[in-house]
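Data block below; observations after.
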Number of protein chains: 2
Amino acid sequence: MPKAQRMAQMLTVAEEIFAEQGYLATSMDEIAERVGVSKPMLYEYFGSKEGLLIGCIHRARTELREKTAAAISGAASPEEFLRLGLLAFFEFIDEHRRSWALLRQEAAVAVPSAQEEVEGIRQQQTDMIGAVLASFTPEIDPLEAEAFAEIVVGATERLAVWMERRPSVGPALATDYVMNVIWPGVARKLPEPAQPA
Amino acid sequence: MPKAQRMAQMLTVAEEIFAEQGYLATSMDEIAERVGVSKPMLYEYFGSKEGLLIGCIHRARTELREKTAAAISGAASPEEFLRLGLLAFFEFIDEHRRSWALLRQEAAVAVPSAQEEVEGIRQQQTDMIGAVLASFTPEIDPLEAEAFAEIVVGATERLAVWMERRPSVGPALATDYVMNVIWPGVARKLPEPAQPA
DNA sequence: GCAGTAGGTTACTCGAAGTAAGTTACGAGC
DNA sequence: GCTCGTAACTTACTTCGAGTAACCTACTGC
């Protein structure tokens, strides 16, 4: 099998097993076996167990970025921008429960450089939010804009975890909940009031 | 040395080393050596490496609960309650940077039952918030109250991480930021408007 | 039909978690 | 002031999994 295809397959299998059992409880032998290949191949392509984990996270991150970018491209107001971005995020989670669990739980902890990868995802999100906020309300305190972006990302992530425990809550409702709490606080900072829907 | 005292010492040392190097990179031999005792003693008292980690988290959780409970005991309005609770949390983080890093980064992932402990801390927080919200606004949709509590906890946690990167931001300012974003959204749900400060 | 290389394997080393079996310190009862 | 019981502790293992060295094989271009 050609390298690129084999790597993709390895990532898919690894993601699944990591999410199922946790990073620590998963052995490279097990992943290799489920891929149908021997352990040194994993090391050939990913260097280490940590490298494999980072590969998984990185792929998810790329997907999320692309999906989010597409979703918000048509937004005209900060409110619409926020809503579309949140919705894209929750939909991504909904479609990728496993990789999400992996990202959120497995990586954050164990492995310093994996943590950097995860941090990179958040950076991606906070930068986006911070940038849009600043572009719509130029006179906002930059520190406060940063704090705001962090708050939104934290709230969203946590609600995504909660959503898993509450099957009746889908992406749309989750988006509503976050917007309900967060939007009034932001609207006060905006130069002109957004027209109510 | 008597058991209780030795256990406390072990927890202190373990917390420090875990926070310094990460859970995975820390060996039980190293902890044992820094405690000045042999490895089987750690196993005698904590059962496993995971058990030791859980012990660390559990102790921090207890401290946080006690501190928060004391802080909010005098709150008269939901706004004051929220503000005091947030402040207590940020102050706790500020005083325990190391253990906080441990809780948030090291534990969450690697070890399923450690994750449960961390989840327990969040549960503690969300329950408290949910309860107070429900008591002040009885007619609120219970699902929405839950979502709100999750949002606050997520936002707070994330901002605590951010605070570490921004030394100029202390507990008081962090509390303000969270309140600024979140309070207007909550106030709309309350039966009577809270009097503005 | 042969050379070079992409894709693959077997069979190891080494470090760290966890354990079995035994040793020492010390207070209570006679 | 000796001895029994037990709490606190150690040495010396086993086991398991990450990572590696060395070797094999089939295909592609010439």
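Lettering of chains follows the sequences in order, A, B, ..., and the numbering in each one begins at 1.
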*Could you name each residue pair satisfying ring pair (Phe, Tyr, Trp, His ring centres under 6.0 Å) that touches residues 51-91 of chain B, not counting sequence neighbours?*
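Sorted pair list: B:F89-B:W100.
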
*Around atom CD of A:E63, are there more than 12 heavy atoms of other residues, nucleotides or ligands at under 6.0 Å?*
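Count over threshold, so yes.
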
Just the rounded figure in Å: distance from [atom2] of [N] to [atom1] of [X].
X	N	atom1	atom2	result
B:L52	C:dG18	CG	C1'	14 Å
A:L24	C:dG15	CG	P	20 Å
B:F46	C:dT19	CZ	P	16 Å
A:D29	C:dT10	CG	C1'	12 Å
B:Y43	C:dG18	OH	C1'	5 Å
B:I31	C:dA16	CD1	P	12 Å
A:M7	C:dA6	CE	C1'	14 Å
A:K49	C:dC14	NZ	P	21 Å

*Contact state string [nucleotides 8-13 of chain D, B base, S sugar-phosphate only, - no protein heavy atom under 4.0 Å]*: SBBB--

*Going by heavy atoms in the side chains, are A:F46 and A:M7 under 4.5 Å from each other?*
yes

*asked:* Quick check for you: to the nearest 0.5 Å, what is the distance between B:D176 atom CG and B:L86 atom CG?
replied: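 So the CG of B:D176 and the CG of B:L86 are separated by 10.0 Å.
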
*Could A:R165 and B:E150 be called an ion pair, given the rule that one side-chain N must be under 4.0 Å from one carboxylate O?*
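Salt bridge: yes.
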
*Can a donor-acceptor pair be found between the side chains of B:Q21 and B:E30 at a distance below 3.5 Å?*
yes

